[in-house]
Amino acid sequence: MIVFFFLMIALVVVVAAVTLAVIGGGSEAVLPEAEPDRVADGLPETRPVTRADVDALRLPVAPRGYRMAEVDDVLERLAAELAERDARIAQLTAGAVASAAGAPADAHVDLTKHGER
């Protein structure tokens, strides 16, 4: 009989502890928001990004992983710079093809007709 009462008291204590743990948090989240942090040595602002810059880039890790906004910002900037470089390369290639063909350097040349992509 004493064992039965001991088990009942232990069961009530466990149920009460679990209930307090689940409900006791109130409006506060289980994991509080992490303090905002920024990339200390990010990508250079005054010159084009090089491979060494990307290799040296270390994004800060937050308690729940990478900060998506920072990753998106870095990827957006890299994509914009790559697009700018691709446009410049296409412009220079078109000028070189036009010069070789005797056309003015400003003339637009469709590179797909020459088998280049």
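All values reported here derive from a predicted model rather than from experimental measurement.
- Interatomic distance, CZ of Phe6 versus CG of Leu11, reported as 11.5 Å (0.5 Å rounding).
- Across Arg77 and Arg47, no two heavy atoms sit closer than the pair NH2-O, 4.2 Å.
- Comment: Arg88 does not engage Glu84 in a salt bridge, judged by the lack of any side-chain N to carboxylate O separation of less than 4.0 angstrom.
- Remark: of the listed residues Leu75, Asp73, Val74, Leu75 is the sole one forming a side-chain contact (heavy atoms from CB on, under 4.5 Å) with Val71.
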